[in-house]
Structures are given as structure tokens and as C-alpha cells.
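What follows is one structure encoded as C-alpha cells, with my remarks underneath.
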Amino acid sequence: NAGVTQTPKFQVLKTGQSMTLQCAQDMNHNSMYWYRQDPGMGLRLIYYSASEGTTDKGEVPNGYNVSRLNKREFSLRLESAAPSQTSVYFCASSSYGYTFGSGTRLTVV
Amino acid sequence: GEDVEQSLFLSVREGDSSVINCTYTDSSSTYLYWYKQEPGAGLQLLTYIFSNMDMKQDQRLTVLLNKKDKHLSLRIADTQTGDSAIYFCAERPSSYKLIFGSGTRLLVRP
């Protein structure tokens, strides 16, 4: 099925560890996004990529880096994970509407 | 600034209509959206409305937009237990920005 695919679905990290969340879309969308979802706070934008080769900070970029590898793929990296980064992470791509992946539930202990 | 507000919780009886309300702040938003999130899943686009429209109907869903008051509502007719989920309102003040409310949890009682 066409859509946005995120891996992994679940991850537990120790404080200070690093990891990369992967995202790929097959809808030929130019724009891609990373959001985090915390209880009672809706979704907040971490980084976005308006097109291949460009990335920009969103609302909460501290502690994260991103790479737009090609038009299909947009990865999110945590260099040194902190407990405050425990959250559910969603990747999305857009044309008129946004299509979301099913999320990565990350716990930092 | 940009802000979207929704009530946190709504409980209705199966078969009744549900109305979920939302207020937003950025009058430049071209599109306004409703998303549905079921437990453990991502966000599913339910419907969207252009800012030059007052109403949009799609099967059981009716979206009303009052641009003067910056008020958006989603009405679900004949609400079913499968409609139980969290519903997010979102405004799009620019091409690359989508601002979400904190979500309304809809509980449908049998």
C-alpha cells in the first residue's frame, strides 16, 4: 500500500545512546516532516524538508538532526538521547493534505 | 501567534450526532484539517476545508467554518463505536507548517 513507512515501531534507549529513525514515502511528495506527540500537547514539528536537499527547523529542534537522503527518505537522528525525548515520533509527507506514518514509540531510560 | 484549541473530551451515545469544536488564531490559513487517531496508530486525514468555504459535507461528516470567529467544527452523524478516537484540528498558515490542537477524545457509549 502506498504511504509513509517508519522504522522501527518501538525502541528503548539508555540516556546518552544515539539512534536514527527512518522514514520513507512512495507518493512522490516533495515535502516531508518529523513530529513528536506528547500527552495533552498534540503534535509538535521537529524538522521539515520542503524539498530534496533542504531541511529547516520546526518548533522543537533541539537534540535532533535530520537528513533528507533523497526524495523518498527523511531520517531523524538523536545523537545523545535524553529522557525528555521519550515520545511518539511521526513522520509525514504532504501535497494538499499530510499523510502520516504509524509512528515510532521511543522510551529513553 | 499560531494556536489551535480544542476541548479535551466528548462523550456521546451511539446513534447520536457528535460535534467537535476548534478555534484557531491564524487568519491566513488556507486549509483547515480534521485528523483521526485510533489507539496505537498514526493520524488519518478525515477531511479538509479551504478557507473560502463555509461548509463541506462528506458522507457522515460535516465541517463548518466560521472564518470571522476563526471557529471550525466537525459533526459526525449517526456516531458509531468505531468512531471512538482522538480527533485533531489543524491549521496550515504556510505551505510547510501544520499547527495541531491538542486533540479531542471522543467516546461513543453503546
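Please read these numbers as outputs of a predicted model, since none were measured by experiment. Just so it is clear: chains get the letters A, B, ... in the order the sequence lines come, proteins before strands, and each one is counted from 1.
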Within residues 47-82 of chain B, the residues sitting under 4.5 Å from chain A by heavy atom, in sequence order, are Tyr48(B)
Is the backbone of Tyr98(A) close enough, under 3.5 Å, to the side chain of Tyr35(B) for a donor and an acceptor to pair up by distance?
yes
Using heavy-atom distances under 4.5 Å, tell me whether Ser95(A) contacts chain B through its side chain, its backbone, both, or neither.
backbone
Could you check if a side-chain atom of Tyr35(A) sits within less than 4.5 angstrom of a side-chain atom of Leu98(B), using non-hydrogen atoms only?
yes
Residue by residue, which of residues 58-68 of chain A have a heavy atom closer than 4.5 Å to a heavy atom belonging to chain B?
none
At a heavy-atom separation under 4.5 Å, does Arg92(B) approach chain A through its side chain, its backbone, both, or neither?
side chain
Cluster link Ile86(B) to Ile20(B), ILVMFWY, side chain under 4.5 Å
yes
Hphob cluster co-occupancy, Val4(A) + Tyr47(A), side-chain heavy atoms under 4.5 angstrom
no
Heavy-atom distance under 4.5 Å to chain B: side chain of Leu45(A), backbone, both or neither?
side chain
Does atom CZ (Arg44(A)) have a neighbourhood of more than 12 heavy atoms from anything else shown, all under 6.0 Å?
yes
Take Leu43(B) and Leu43(A) through the test side chain to side chain contact (heavy atoms under 4.5 Å, CB included) and record every step on the way to the result.
CA-CA 10 Å; Leu43(B) 276 73; Leu43(A) 277 77; 4.0 Å; yes
Any chain of hydrophobic side-chain contacts (each under 4.5 Å) joining Val4(B) to Leu46(B)?
yes
Does Glu5(B), at its CD atom, have more than 12 non-hydrogen atoms belonging to other residues, nucleotides or ligands within less than 6.0 Å?
no
Hydrophobic cluster membership, with links at side-chain heavy-atom distances under 4.5 Å among I/L/V/M/F/W/Y: are Trp34(A) and Val88(A) in one?
no
Is it the side chain or the backbone of Gln37(B) that comes within 4.5 Å of chain A heavy atoms, both, or neither?
side chain
Would you mind checking which part of Ser49(A) comes under 4.5 Å of any heavy atom in chain B, side chain (CB onward), backbone (N, CA, C, O), both or neither?
neither
Can you get from Trp34(B) to Phe88(B) by hopping between Ile, Leu, Val, Met, Phe, Trp and Tyr side chains that sit under 4.5 Å apart?
yes
Checking heavy atoms, do the side chain of Leu45(B), its backbone, both or neither come under 4.5 Å from chain A?
side chain
Interface residue of largest heavy-atom contact number with chain B, from Ala92(A), Gly103(A), Ser94(A), Ala50(A), under 4.5 Å
Ala50(A)
